[in-house]
Colleague: 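Pasting a structure below so you can have a look.
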Amino acid sequence: MSKHPATAPFVVNEPCLSRAWAQAFLHIIDNSGKEITPLVLSITGFQDNGIAVEDAALRQALDELLILKNMQNVEDVAYTIFPERLWQMSAGNRAKLFEYYRLAFPRYQAMNRKLNGRGLYFERLTSYNQEAPCAGNQLEWIISQHNNRSGVRRSMFQATTFDPVRDHVASSQLGFPCLQHVTFEPTDDGLVANAFYATQLILKKGYGNYLGLARLAAFMAHEMKMPLARLNVMVGIEKLDEIPKTDASMNPLIAAARTCIASPAPDESNSAHAPRMELETTT
């Protein structure tokens, strides 16, 4: 018999990114075992400019634990999926964003060869294979096809990060890529983004991944000229990191997560970070 028995799916549907993460985290804390298999997480409640609503206290408690355990903070993890600072610098010009990232990527790799040596998610999304359309920039392909043609099949709007040529290796541990691929579906309510993970560490990566995906989805919605309606994240195995549930350093985060769930969803004024600049559409 397998030591990892199958469990029922755990479904989270929340209008706040922090509350969605807290529900998944507390489900692991409050139940036996260290995994959710599978997790289906759905987030709505985005502000007009696409920013995900967050709970500042929960975000701070998580960052403090991550720093204490010598792990990347939430912002650094989110940046691997979408480089928010470069998008700010580009002032709404996606061509500049892609160029800034192309120039900066070698430095990002050199900064941490252990974590980034196999690539980064935004790099795979924008430079997957030079022989592919748009020289492997899958995001540009999706945006241009959507904006320049009518009646385009929605199955066209998907991008992959997993590459069997590079990623089917026999290593016992492989930290990248856990995100397999993303899709972007235009609906009457706006853009719905979907992300698919094989496995995910809920402390070290989970929150930052959700935030990075929300920012990527907001960018795509902006460029596809529609509001962001929903982000869905499907995770085959969501698991607790190596930190034991009984570790005393977890207590402040557990308390913050319970407070977050018990409180009304935060509005824009209580979000973890101030809204970013409004971006004019530039192609």
Side-chain angles (χ1 to χ4, degrees), residues 12-30 36 39 41-89 193 195 200-219 221-222 227-233 235 238 240-241 243 245 247-279:
V12 176
N13 182 24
E14 282 285 352
C16 168
L17 187 151
S18 300
R19 287 168 60 93
W21 180 88
Q23 280 210 38
F25 171 64
L26 291 176
H27 184 78
I28 295 177
I29 294 297
D30 293 337
I36 300 173
L39 170 67
L41 184 144
S42 190
I43 302 169
T44 56
F46 299 98
Q47 300 172 28
D48 290 342
N49 53 6
I51 293 178
V53 176
E54 296 183 71
D55 181 276
L58 177 64
R59 170 80 175 268
Q60 180 178 347
L62 176 56
D63 271 333
E64 289 175 353
L65 177 64
L66 293 173
I67 292 170
L68 178 66
K69 297 298 184 179
N70 297 314
M71 299 176 180
Q72 288 181 301
N73 64 24
V74 166
E75 192 65 36
D76 286 347
V77 173
Y79 201 86
T80 66
I81 297 176
F82 186 75
E84 180 75 4
R85 292 191 298 277
L86 297 186
W87 180 225
Q88 295 292 325
M89 290 170 55
Q200 184 171 242
L201 297 173
I202 195 164
L203 289 175
K204 185 182 294 185
K205 299 291 186 178
Y207 195 112
N209 285 343
Y210 305 156
L211 182 60
L213 288 167
R215 290 173 174 174
L216 174 64
F219 163 74
H222 179 269
L228 176 57
R230 185 178 291 272
L231 168 65
N232 299 313
V233 184
V235 186
E238 184 84 28
L240 190 65
D241 310 49
I243 308 174
K245 295 180 183 182
D247 189 321
S249 65
M250 291 270 279
N251 292 340
L253 177 59
I254 294 172
R258 297 198 191 284
T259 299
C260 179
I261 294 298
S263 304
D267 58 21
E268 179 178 339
S269 63
N270 192 40
S271 193
H273 296 280
R276 62 185 174 188
M277 70 179 77
E278 293 294 335
L279 301 176

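Atoms considered below: every heavy atom in the structure, side chains included; atoms not considered: hydrogens, waters and symmetry mates. Position 1 is the first residue of the sequence, and the numbers go up from there.
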Colleague: With rounding to the nearest 0.5 angstrom, report the OG1 to CG distance, Thr259 to Asp55.
Modeller: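 Rounded to the nearest 0.5 Å, the OG1-CG separation comes out at 8.5 Å.
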
Colleague: I need the Ile36 CD1 to Ile28 CD1 distance, nearest 0.5 Å.
Modeller: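 Between atom CD1 of Ile36 and atom CD1 of Ile28 there are 4.0 Å.
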
Colleague: What residues, two or more places apart in sequence or in another chain, satisfy side chain to side chain donor-acceptor pair (under 3.5 Å) together with Asn70?
Modeller: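 Partners of Asn70 under the side chain to side chain donor-acceptor pair (under 3.5 Å) test: none.
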
Colleague: To the nearest 0.5 angstrom, please state how far the CG atom of Asn49 sits from the CD1 atom of Ile51.
Modeller: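 Those atoms lie 4.0 Å apart.
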
Colleague: Would you say the side chains of Glu54 and Tyr210 form a donor-acceptor pair under 3.5 Å?
Modeller: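 No.
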
Colleague: Where do Val12 and Ala24 come nearest, in terms of heavy atoms and distance?
Modeller: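 Closest heavy-atom pair between Val12 and Ala24: CG2-N, 4.5 Å.
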
Colleague: Can you tell if the side chain of Val77 reaches within under 4.5 Å of the side chain of Tyr207, non-hydrogen atoms only?
Modeller: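 Val77 vs Tyr207: side chains apart.
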
Colleague: List the steps, then state whether side-chain contact (heavy atoms from CB on, under 4.5 Å) holds for Phe25 with Leu62.
Modeller: CA-CA 11 Å; Phe25 171 64; Leu62 176 56; over 6 Å; no

Colleague: For Ser18 and Arg59, does a side-chain donor sit closer than 3.5 Å to a side-chain acceptor?
Modeller: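 No, no side-chain donor-acceptor pair sits under 3.5 Å.
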
Colleague: Just by modelled atom types, is the Ser263 backbone N or O under 3.5 Å from a matching donor or acceptor in the Arg19 side chain?
Modeller: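 Yes, because the side chain of Arg19 sits within donor-acceptor range (under 3.5 Å) of the backbone of Ser263.
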
Colleague: Is there a side-chain contact between Leu41 and Val235 in this structure, where contact means two heavy atoms from C-beta onward sitting under 4.5 Å apart?
Modeller: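 SC-SC contact between Leu41 and Val235 ruled out.
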
Colleague: Could you pull out all residues at least two apart from Arg85 that satisfy side chain to side chain donor-acceptor pair (under 3.5 Å)?
Modeller: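 With sequence neighbours excluded, Arg85 shows a side chain to side chain donor-acceptor pair (under 3.5 Å) to no residue whatsoever.
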
Colleague: Is it the case that Gln72 and Tyr79 place a side-chain donor and acceptor less than 3.5 Å from each other?
Modeller: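 Per modelled atom types, Gln72 and Tyr79 side chains form no pair under 3.5 Å.
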
Colleague: Who passes side-chain contact (heavy atoms from CB on, under 4.5 Å) against Asn73, sequence neighbours left out?
Modeller: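 Applying side-chain contact (heavy atoms from CB on, under 4.5 Å) to Asn73 gives Asp63, Glu75, Asp76.
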
Colleague: Taking all atoms of both residues into account, what is the closest heavy-atom pair of Asn232 and Ser42, and its distance?
Modeller: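 Closest approach of Asn232 to Ser42, heavy atoms only: OD1-OG, 2.6 Å.
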
Colleague: What distance separates Leu68 CG from Ser249 OG, expressed to the nearest 0.5 Å?
Modeller: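 Taking CG in Leu68 and OG in Ser249, the distance rounds to 5.5 Å.
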
Colleague: Mind checking side chain to side chain donor-acceptor pair (under 3.5 Å) for Gln23 and listing every partner two or more places apart, or none if nothing turns up?
Modeller: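 With neighbours one apart ignored, the set is Glu14.
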
Colleague: Over all heavy atoms of both residues, which pair between Pro15 and Val53 is shortest? Give the atoms and the distance, please.
Modeller: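 Distance-wise, the nearest heavy atoms are O-CB, 4.2 Å.
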
Colleague: Find out whether Val233 and Glu238 are in side-chain contact, i.e. whether some heavy atom of one side chain is under 4.5 Å from a heavy atom of the other.
Modeller: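 Sidechains of Glu238 and Val233: no contact.
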
Colleague: Decide yes or no for Ile29 and Met250: does some side-chain heavy atom of the first lie under 4.5 Å from some side-chain heavy atom of the second?
Modeller: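 Ile29 vs Met250: side chains touch.
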
Colleague: Let's go through Arg230 and Asn13 carefully: what are the C-alpha distance in whole Å and the side-chain angles of both, what is the deciding distance for side-chain contact (heavy atoms from CB on, under 4.5 Å) to 0.1 Å, and is it a yes or a no?
Modeller: CA-CA 10 Å; Arg230 185 178 291 272; Asn13 182 24; 3.0 Å; yes

Colleague: To the nearest 0.5 Å, what is the distance between CZ (Arg215) and CG (Leu211)?
Modeller: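 With rounding to 0.5 Å, CZ (Arg215) is 4.0 Å from CG (Leu211).
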
Colleague: Considering only residues two or more places apart or on different chains, which pairs with a residue in residues 49-73 satisfy ring pair (Phe, Tyr, Trp, His ring centres under 6.0 Å)?
Modeller: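 Not a single pair qualifies under ring pair (Phe, Tyr, Trp, His ring centres under 6.0 Å).
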
Colleague: What residues, two or more places apart in sequence or in another chain, satisfy side-chain contact (heavy atoms from CB on, under 4.5 Å) together with Ala61?
Modeller: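 Counting only residues at least two positions away or on another chain, Ala61 forms a side-chain contact (heavy atoms from CB on, under 4.5 Å) with Leu253, Ala256.
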
Colleague: Supply the atom-to-atom distance Ile243 CD1 to Ile202 CD1, rounded to the nearest 0.5 angstrom.
Modeller: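 Going from the CD1 atom of Ile243 to the CD1 atom of Ile202 covers 12.0 Å.
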
Colleague: State, with a plain yes or no, whether a side-chain heavy atom of Leu203 is found less than 4.5 Å away from one of Trp21.
Modeller: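 In short, these two side chains touch, coming nearer than 4.5 Å.
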
Colleague: Looking at Leu17 and Ala52, what are the two nearest heavy atoms and their distance?
Modeller: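 Residues Leu17 and Ala52, closest heavy atoms: CD1-CB, 3.9 Å.
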
